[in-house]
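Notes follow once the structure below has been shown.
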Amino acid sequence: MPCGEMAPTLQDISYLPGLPIAGTAVGPRVVPASWKDDLEIRFAGIDRLDDLGALEPHPNAQGPAKAWLLQFKATSLHPDTDDESVRRSLEAYLLWLFGFIMFKNGTSNSVDKVLIPYAREIADAPEDAVPLWSWGSAVLAAPYRGLCDACSKDESNARFQGCALLLQLWSYERLAVGRPIVDHRGYEAQYYGQHDDDGPTMGTLWVCSREDLTNEQARRTYPSFVVALHRLVAEDVIWEPYSAAAVGSRALYGLSSLYTSNETLWYTTASLVYDIYIEPHCPHRAMRQFGYAQQFPVPRVIDRVTPQDHRLSRLGQRCSGTWVTKVEPYVEAWDNAHQDVVHPVAPHTDWWYETFLTWYRPRTRCHVMYADTQPVPHESSSTDAYARHRDEALAGAICCQLQSNTNDALERVRGGNPFTPDEQLQRLTAANASLVSMMHAWGSPMHQPPIPPQYTAPSCSYMPPIDPASTSYTPMHPSPQHVTPMDPPSMSYTPMGTSLQPQSSMPYQPMGLATSMSFTPIRPQTTGFNLFEGVQDHQLNFSDLEHDQHNIIGASQLGGAPLFPTQEATQTPV
């Protein structure tokens with residue numbers, strides 16, 4: 001995110017779905033080829049209501065089919081049914097829960113067959129000897145892998161796999177992007193069971209008390225959500241949604257002690273395992289979510305999960321014991337996960353956070369569009385919906401940009417240097433794009449008209465002729481080097497939709513736009529500014545800024561994005 005890295009962690013697993021994180025890792029199992037016949041034989045004698053008729057045969061599928069499992073709901077059993085029927089109904093429910101809530105397999109209507117042994121062992125176990133598996137770590141590993149796969153595919157049929165509910169709940173707690181309308185009153189007694197540990201979770205609020213989407217929410221969906229995430233700033237985030245005050249106001253009768261009984265595992269760096277999926281757990285990269293100072297530089301993850309192990313896939317492979325052997329070291333390592341934990345260095349402070357951002361921003365593409373780095377003061381709350389003040393800031397920046405470019409064009413025409421047809425087309429197209437982006441931010445259905453094919457707009461910015469022998473051009477970017485703003489006599493003509501340059505005639509200059517969207521050639525001077533001015537350098541180690549760029553890795557992590565935005569990035573539609 002522009003405000004730093006964020007991720008669902010095992011802490012979110014404990015508070016939102018309330019799943020156990022202690023126990024044996026949910027590794028791969030060997031399932032015989034006769035699994036479907038075994039399943040039908042096991043469920044053939046279940047005692048259902050007479051008026052339901054005969055059981056439907058199991059269809060041809062890659063795993064237990066959803067429609068087939070729904071024949072064994074608890075409401076379909078006789079009131080005085082036998083114990084075996086109850087256990088089979090429980091097995092069917094667990095398979096449905098695994099396959100369509102916890103480990104959703106894309107758009108498939110069947111459950112992954114590797115989960116059959118887990119459901120059966122739980123259903124057949126005595127009540128006082130139910131096997132304990134780390135379902136929480138498995139549910140976190142599945143969307144990690146699902147996001148890693150989905151965001152790197154460009155096929156039209158690419159689908160997310162994993163627990164989408166977890167990502168929704170995590171987002172609702174922290175971000176006012178697509179957050180539903182809910183009743184924020186504390187949980188009433190009806191949410192609590194007869195036992196002390198039978199109660200709601202923090203995620204219950206978003207599931208059991210939500211209302212239908214309003215017309216405003218239904219109309220401003222995916223495109224607006226993307227824009228909101230691109231413009232996210234630290235003030236928009238609820239960094240610590242599970243504070244004592246937040247828990248007390250929502251859970252009036254408290255939460256189960258089971259949710260925090262394994263708090264040490266929240267900070268583990270042991271790899272998460274689900275089936276053959278092996279994913280690194282990196283709480284050290286999101287320490288502000290725990291209320292601690294974010295350490296940097298962040299360590300590599302390649303040292304804990306090799307690329308070969310991270311790419312394990314069942315596509316085109318038979319189910320065999322080979323997978324068990326390959327994943328076994330990670331399953332065994334999870335047994336000692338409580339020993340491999342991150343130790344916070346200090347509580348979070350604003351000064352340390354700003355220092356971390358100084359290190360973080362040059363190593364990632366912080367913004368692909370305008371983001372106000374000095375936002376309107378606002379304290380985030382779980383009741384926030386759409387941040388309209390962000391739209392106002394965007395509109396102000398675009399209006400300022402339009403005025404600046406218009407003034408440049410007028411000065412050029414008055415100086416006897418008219419525009420060519422291609423330059424006129426480029427100017428008008430950029431102005432129209434800026435207006436469309438502003439209208440889109442305010443929810444207008446206005447669309448940008450197509451550009452006539454007979455014109456080809458130049459892709460570079462116009463600048464007055466300068467003797468190449470007397471000066472050089474340096475791309476402006478956020479780096480610790482001493483560079484200077486452009487001197488006023490040689491103002492550049494920048495296409496609208498890219499960046500703002502210092503203008504002596506413009507009293508309003510949105511902060512952060514020039515350093516986060518585009519890089520216009522500038523004329524170097526003898527004086528400059530220091531990006532680290534005001535930071536206590538003697539307390540930090542910035543030596544890695546100059547040479548070592550190998551402490552970060554990953555196509556979807558810091559090292560995967562260009563150090564500075566490309567021309568394509570600056571032209572991303574708002």
Side-chain angles (χ1 to χ4, degrees), residues 26-49 52-77 84-124 131 133 135 138-139 141-150 153 155-167 273-277 312-324 326-327:
V26 183
R29 291 293 190 92
V30 178
V31 180
S34 60
W35 64 266
K36 187 174 71 170
D37 295 335
D38 297 341
L39 201 66
E40 290 182 321
I41 294 174
R42 193 160 62 249
F43 279 78
I46 193 169
D47 187 16
R48 301 199 311 158
L49 295 174
L52 295 179
L55 289 175
E56 295 291 336
H58 195 286
N60 292 326
Q62 298 296 322
K66 180 179 181 180
W68 189 83
L69 293 173
L70 293 179
Q71 298 180 102
F72 309 105
K73 294 187 295 184
T75 54
S76 302
L77 303 180
E84 178 63 18
S85 296
V86 173
R87 293 186 181 277
R88 298 286 70 80
S89 178
L90 174 59
E91 180 182 355
Y93 168 75
L94 290 173
L95 287 173
W96 172 86
L97 180 66
F98 291 160
F100 301 100
I101 301 296
M102 296 168 60
F103 308 105
K104 186 71 173 70
N105 186 17
T107 59
S108 175
N109 289 321
S110 62
V111 184
D112 194 333
K113 58 179 177 289
V114 300
L115 294 166
I116 295 177
Y118 289 103
R120 183 179 182 183
E121 290 177 22
I122 294 176
D124 291 342
W133 283 291
W135 293 110
V139 166
Y144 275 11
R145 174 59 62 91
L147 288 171
C148 187
D149 290 341
K153 294 180 179 179
E155 296 89 350
S156 59
N157 61 348
R159 295 291 185 270
F160 168 77
Q161 301 184 24
C163 186
L165 177 63
L166 171 65
L167 295 182
V273 178
Y274 164 60
D275 189 29
I276 62 172
Y277 299 160
L312 290 178
S313 173
R314 289 188 179 274
L315 294 177
Q317 304 293 327
R318 298 181 60 185
C319 187
S320 65
T322 305
W323 300 114
V324 178
K326 289 183 178 181
V327 181

Atom pair CD1 (Ile46) and CZ (Arg87), whose distance is rounded to the nearest 0.5 Å =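 Answer rounded to 0.5 Å: 13.0 Å.
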
ask   = If you round to the nearest 0.5 Å, how far is CG of Leu147 from CD of Gln161?
value = 11.0 Å

key: Glu40 side chain to Pro57 backbone, donor-acceptor under 3.5 Å   =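 Looks like no, no N/O pair under 3.5 Å.
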
request  = Give a yes or no answer on whether the side chain of Arg88 reaches the backbone of Ala44 with a donor-acceptor pair at less than 3.5 Å.
outcome  = no

So [Y] and [X], do their side chains get closer than 4.5 Å, heavy atoms only?
| X | Y | value |
| --- | --- | --- |
| Glu121 | Trp133 | yes |
| Asn105 | Ser110 | no |
| Cys163 | Val139 | yes |
| Leu52 | Gln71 | no |
| Lys36 | Asn60 | yes |
| Val30 | Val324 | yes |
| Leu69 | His58 | no |

Minimum heavy-atom separation for [X] to [Y], with atom names?
| X | Y | answer |
| --- | --- | --- |
| Leu90 | Ala123 | CD2-CA, 3.9 Å |
| Pro131 | Ile122 | CD-CA, 4.4 Å |
| Ala74 | Ser89 | N-OG, 3.6 Å |
| Gly27 | Val273 | CA-CG1, 4.1 Å |
| Gly45 | Ser85 | O-OG, 4.1 Å |

inquiry  = Phe160 vs Leu167, test: side-chain contact (heavy atoms from CB on, under 4.5 Å). Steps then yes/no.
reply    = CA-CA 11 Å; Phe160 168 77; Leu167 295 182; 3.6 Å; yes

query = Considering the options Val111, Asp112, Ile116, which one meets the side-chain contact (heavy atoms from CB on, under 4.5 Å) requirement together with Val114?
reply = Asp112

request  = Please test Asp47 against Leu77 for side-chain contact (heavy atoms from CB on, under 4.5 Å), starting from the C-alpha separation and ending with a verdict.
outcome  = CA-CA 6 Å; Asp47 187 16; Leu77 303 180; 5.7 Å; no

task = Would you please test Ile276 and Lys326 for side-chain contact (heavy atoms from CB on, under 4.5 Å) and show each step?
result = CA-CA 8 Å; Ile276 62 172; Lys326 289 183 178 181; over 6 Å; no

message = Taking atom OH as the centre, does Tyr93 end up with more than 12 heavy-atom neighbours from other residues, nucleotides or ligands that are less than 6.0 angstrom away?
response = no

ask   = Should we count CD of Glu84 as having more than 12 external heavy atoms under 6.0 Å?
value =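 For Glu84, atom CD is crowded (more than 12 foreign heavy atoms under 6.0 Å).
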
ask   = Residues in ring-ring contact (aromatic ring centres under 6.0 Å, His included) with Tyr274, at least two apart?
value = Phe103, Tyr277

inquiry  = Under the rule for ring-ring contact (aromatic ring centres under 6.0 Å, His included), what residues qualify as partners of Phe43, not counting sequence neighbours?
reply    =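 ring-ring contact (aromatic ring centres under 6.0 Å, His included) check on Phe43 returns Trp68, Phe72.
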
task = Run the numbers on Leu115 and Arg120 for side-chain contact (heavy atoms from CB on, under 4.5 Å), then give the verdict.
result = CA-CA 9 Å; Leu115 294 166; Arg120 183 179 182 183; over 6 Å; no

ask   = Who are the side chain to side chain contact (heavy atoms under 4.5 Å, CB included) partners of Thr75, not counting sequence neighbours?
value =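 With sequence neighbours excluded, Thr75 shows a side chain to side chain contact (heavy atoms under 4.5 Å, CB included) to Lys73, given in chain and number order.
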
